[in-house]
Protein chains: 2
Amino acid sequence: MSASGNGLAPVKKRPAYLLVFGALEDAILSGRLSEGESIPTEMELCRQFDVQRSTVREGIRLLEQSGLVVRHGKRLTVVRPKTEEAAESTSRGLARHGVRFIDVWEANIAILPGTARLAARKIKSADRKRLAAITAELSEAGETEATVALSIEYLMAIAEVTGNRVLGVMVHSLKLLLESSLQQVVEALPNPRDRILRAQTEINTALQAGDADQAQAWMARHLEDLRRGYLVAGVDLNSEVGTFDKL
Amino acid sequence: MSASGNGLAPVKKRPAYLLVFGALEDAILSGRLSEGESIPTEMELCRQFDVQRSTVREGIRLLEQSGLVVRHGKRLTVVRPKTEEAAESTSRGLARHGVRFIDVWEANIAILPGTARLAARKIKSADRKRLAAITAELSEAGETEATVALSIEYLMAIAEVTGNRVLGVMVHSLKLLLESSLQQVVEALPNPRDRILRAQTEINTALQAGDADQAQAWMARHLEDLRRGYLVAGVDLNSEVGTFDKL
DNA sequence: TGACCTGGATTGTCTGACAATCATACAATC
DNA sequence: GATTGTATGATTGTCAGACAATCCAGGTCA
């Protein structure tokens, strides 16, 4: 199961700093080093792996960038990266890749109605209150900015209602990609607040009744409505979502 | 917008290796260093930033792990990370986070029907051929393994038909999370090949006709059917998707 | 032209060192 | 007793210089 073709197995000798990184990563992922603990000091690692400190340091830098540890003062402590970071890295990767606004919207329209459907099956009473609260707040929102913020919060809340971390991360990624442009859309739509309010209310009703079909359908309508805003606003849907630097 | 509460802004002096990393990252993201080019040699960077080589190396390690460069022989060359890598990092992040199989399936069911709907609007003739080819191959597949591979390939193909990179990445992430477990399911289902074949055929027909509703509906049915397999197979849907090491 | 060889360039690793910073414990002050 | 200053050791960030292994390019030879 190794040698390639004609002969000797490719003696791939990976550099020592990669071994250091690998060993530490493994220790963390396997739980031998658990959250909150700090990794051994550089000198300790030198002894442990029998390499030089500069080598250890290079390994540690890889670990650092991988998001498995954070500098807490002087020590590096192990963290289970929050889901938000997963979402951020996804968005970042996509943004780097010349994703266009149209892609983001299509993805929203493909994903969120199904998410709303799932939400209808999963919703609990606390969630209902939360959604209702957002809608209530929106009904009193004055400025465009607040309207946008609450619209997005609502979408995120729907994803959270499902209690599904995968959807949570994905919708969060969409949110990050979306945020920069939604403002213009809302500004362009006539009566944006009322339209959004209507949609949220209908979705809330459907969720209240546990009516998955209605929840899905209204979410789809809602998003289509917003998308129409792009046309009205004259936003070029083919322009790229810029790389964003909100660390 | 800085100082916390009562007083002075924290004088944070970032280490030099971070500056090196930042400078290189910026150069790449801004396009001053473009794809395929190799970054300057370590000595060159030493001169440029007026720091020591070990410092430069630490910076380079950060860059390396960030996925913006890859070792090509001895040089580090700039790459725009492929979408696959974005998907991998997303999956990795999710897997690390104790995502359960049930989460992955719910996400599939929430996302893929909408994706199929979009595919119906976007599909081109070349895509139709490709999908038909996969289905044809499946109809001749003997082993379980091939059946699984083709089923997954079909789902990926649907996502690709949409031409939407966001969906592409997300479905790819789902695929990675799913792969490990689907085998068991297919083994447990009675007549797995025929069931899957039926579904693919129906979806193909719907796509052929540009019938978004039918495409969506059949995809949903298809996935529900597969999910049922988990019950039959006795797979514990609440068990966590393990962290996987396929680099 | 194509296979082969050689020397310089570049990376991976080591050795050793020092200043800055952090964590503490202890002493001095109010 | 609580707060503040100080001494001490541990740890990190950075520097300086070195060497072997490997890669690359250009020249040589068939």
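Proteins come first, then strands; the chains are lettered A, B, ... in the order of their sequence lines, and each starts at number 1.
- Look at A:Arg57 and you'll find a side-chain N or O under 4.0 angstrom from OP1 or OP2 of D:dG13.
- For A:Lys74, whose side chain is taken as the heavy atoms from C-beta onward, the closest listed nucleotide among D:dT11, D:dC15, D:dT14 is D:dT11.
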If you apply the rule side-chain contact (heavy atoms from CB on, under 4.5 Å), what do you find for B:Asp127 with B:Lys124, and how did you get there? CA-CA 5 Å; B:Asp127 298 323; B:Lys124 302 208 175 69; 3.6 Å; yes
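- In this structure, B:Arg71 pairs ionically with B:Glu64, as a charged nitrogen and a carboxylate oxygen lie closer than 4.0 Å.
- At a cut-off of 3.5 angstrom, the base of D:dG13 holds at least one donor-acceptor pair with the side chain of A:Arg53.
- In the set D:dC15, D:dA18, D:dT11, the nucleotide with an atom closest to the side chain of B:Thr55 is D:dC15.
- For the pair B:Leu18 CG and D:dG13 P, the interatomic distance rounds to 9 Å; values are reported in whole Å.
- Between A:Trp105 and A:Tyr230, the angle of the ring planes goes over 60°, which puts this pair in the perpendicular group of the 30/60° scheme.
- Think of the region where chain B sits on DNA chain C: with heavy atoms and a 4.0 Å cut, that region ends 5' and 3' at C:dT10 to C:dT21.
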Can you check salt bridge (Lys or Arg N to Asp or Glu O under 4.0 Å) on B:Glu58 and B:Arg61, steps first, answer last? CA-CA 5 Å; B:Glu58 293 186 40; B:Arg61 293 303 153 251; over 6 Å; no
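- Heavy-atom nearest nucleotides on DNA chain C were determined for B:Ser54 and for B:Met43, and the one closer to the 5' end corresponds to B:Met43.
- A:Ser91 contributes a side-chain N or O that, together with a main-chain N or O of A:Ser173, makes up a donor-acceptor pair within less than 3.5 Å.
- Rounded to whole Å, the distance from CG on B:Leu45 to P on D:dC15 is 13 Å.
- Salt bridge absent: B:Arg100 and B:Asp236 never bring a charged side-chain N and a carboxylate O closer than 4.0 Å.
- Contact check, A:Arg61 against D:dG13: a side-chain N or O comes under 4.0 Å of OP1 or OP2.
- When rounded to the nearest whole Å, the span between CZ of B:Arg75 and C1' of D:dT22 equals 13 Å.
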What pairs of donor and acceptor atoms, side-chain ones from residues 154-166 of chain B against any protein atom, are under 3.5 angstrom apart with sequence neighbours left out?
from: B:Tyr154; atom 1: OH; to: B:Gln200; atom 2: O; distance (Å): 3.4
from: B:Tyr154; atom 1: OH; to: B:Asn204; atom 2: OD1; distance (Å): 2.7
from: B:Glu160; atom 1: OE1; to: B:Arg130; atom 2: NH1; distance (Å): 2.7
from: B:Glu160; atom 1: OE1; to: B:Arg130; atom 2: NH2; distance (Å): 3.2
from: B:Thr162; atom 1: OG1; to: B:Ala159; atom 2: O; distance (Å): 2.5
from: B:Thr162; atom 1: OG1; to: B:Asn164; atom 2: N; distance (Å): 3.1
from: B:Asn164; atom 1: OD1; to: B:Val166; atom 2: N; distance (Å): 2.8
from: B:Asn164; atom 1: OD1; to: B:Leu167; atom 2: N; distance (Å): 3.0
from: B:Asn164; atom 1: ND2; to: A:Asp103; atom 2: O; distance (Å): 2.8
from: B:Asn164; atom 1: ND2; to: A:Glu106; atom 2: OE1; distance (Å): 2.9
from: B:Arg165; atom 1: NH1; to: A:His97; atom 2: O; distance (Å): 2.7

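- As rounded to whole Å, 12 Å separates atom C1' of D:dG13 from atom CD of A:Glu64.
- Both A:His72 and A:Gln52 lie near DNA chain C, and the one whose nearest nucleotide falls closer to the 5' end is A:Gln52.
- Here the P atom of nucleotide D:dT14 and the CD atom of A:Glu42 are 11 Å apart, to the nearest Å.
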